[in-house]
Amino acid sequence: MSGNKKINFSSGPAALPPEVLQEASEAIINYNNTGLSILELQHRGKYFEAINDESRTLVKELCGLGDDYEVLWLQGGGRLQFAMIPMNFLGEHESAGFIDSGFWAHNAAEYAAHYGNAITLSSSESDHYRHLPEWPASIPEDLSYLHFTTNNTIYGTQFPNVPKTNVPLIADMSSDILSRKTDYSNCAMFYAVAQKNIGAAGITLVAVNKYLLGNIKRKLPPMLDYKAHADARSLLNTAAVFGVYTSLLTLRWIKQKGIDVIETENNRKAALLYNEIERNSIFHSNIKKEDRSKMNVCFGTENKEIDTAFTEFCSKQNITGIDGHRYVGSFRVSLYNAIPLTAVEKMVSVMQEFEHEYLKAR
Ligand SMILES: *Cc1c(COP(=O)(O)O)cnc(C)c1O
């Protein structure tokens, strides 16, 4: 990679490991000495078949899933999943439960309301999502499913684990998939857009238990039907070949490091940054301590002027992607798997320098 590569703390599309970028870029010129660019590969040819199969097998292996799960690569981002889930699994006169922990979780419930009853079991909206809503003490048995978002990318909160539930659990894991060990198989289905922890924008990983696929509520066109996608091994239409390949490279990178090591690093990265936010007199976090996300660290300053000054200060140090979401403001530093500890150490030292300069000038 050339010398001017920036440290990119963006929430998504997010930084990818340099090894993945290198290998993906070589494949654009000549994929595996085939004499073809990855961009030219037939999606029904043997080379892509191998990529598709290995990527799906690796997801199962890394998430500890058995053969009762189907792994799909779909298009249309997280939002299409918000729509497909109720289309497939929520009958018109049925109800689904939602844990309203932030913008994406809320959106998923709104989409579901087009197809059946979307019931919010717990919400922290009135606190602007600065803490996690409580996990419901009891979940009505008659819900078709319960939907929740493991990590709230915009607000910077994260559930500590994936609980067992008495109704099928469906989880949006877009911003923390494969960032830690967790009980993936407690979910009847989980999904994650690729552009945060596992690749490039344009594809979404879906893992769904086969028993759910036997329970689809409507006749749907194949492109909207999970069972049809599963039967076609995600090859109903022209696959997003480059996207799946980039995810395969990232999954291989994760496997080589090991989830244990990744989790330990992610814990250290988050602790380092939160400790600095607590210590530094310029910055503060409004997010409840126990609920803070290890993936998206949100924080603010006293006012917009300081925000702007800090953004410029970081930019001079080649640090980018730290703006908070437009709904929240100030700063959000995303610490996905591809962010090395050294990048966080750099961030912390820049925060310390800024504090020093700022206090001197005042
Ligand atoms: C980014 C994100 C999404 C939305 O993904 P799109 O591909 O832009 O639709 C959904 N859920 C969560 C938790 C996210 O972080």
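These numbers were taken from a predicted model, which means no experiment stands behind them. Counting convention: from 1, in listed order, for ligands and their atoms alike.
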query: Centroid-to-centroid, Y274 to F299, below 6.0 Å?
result: no
message: Below 4.0 Å from ligand 1: does a non-hydrogen atom of Q81 turn up there or not?
response: no
query: So is K196 polar-close to ligand 1, meaning N/O to N/O under 3.5 Å?
result: yes
query: Considering residues, nucleotides and ligands other than E92, do more than 12 of their heavy atoms fall under 6.0 Å from its CD?
result: no
query: Do other residues, nucleotides or ligands put more than 12 heavy atoms under 6.0 Å from the NZ atom of K217?
result: yes
Whether F242 and Y245 hold their rings parallel, tilted or perpendicular, with breakpoints at 30° and 60°: tilted
field: Which residue and heavy atom of the protein sit nearest atom 11 (N) of ligand 1, plus the separation
entry: D172 OD2, 2.6 Å
- line: ligand 1 to T149, heavy atom cutoff 4.0 Å, flagged ligand atoms 13 (C)
- request: Indicate, with yes or no, if the rings of F89 and Y226 have centres closer together than 6.0 Å.
  value: yes
message: Quick check on contacts: which atoms of ligand 1 are under 4.0 angstrom from a heavy atom of G78?
response: 5 (O), 6 (P), 7 (O), 9 (O)
Protein heavy-atom partner closest to atom 15 (O) of ligand 1 - residue, atom, separation in Å: T153 OG1, 2.4 Å
- request: With heavy atoms under 4.0 Å as the rule, classify the contact between I154 and ligand 1 as side chain, backbone, both or neither.
  value: neither
task: Compute the shortest N/O to N/O distance between V193 and ligand 1 and return yes if it is under 3.5 Å, no if not.
output: no
query: Would F98 and H147 count as a close aromatic pair, with their ring centres under 6.0 Å?
result: yes
message: Any nitrogen or oxygen of R79 lying under 3.5 Å from a nitrogen or oxygen in ligand 1? Just yes or no.
response: yes
field: Pair R252 + E54: basic N to acidic O under 4.0 Å
entry: yes
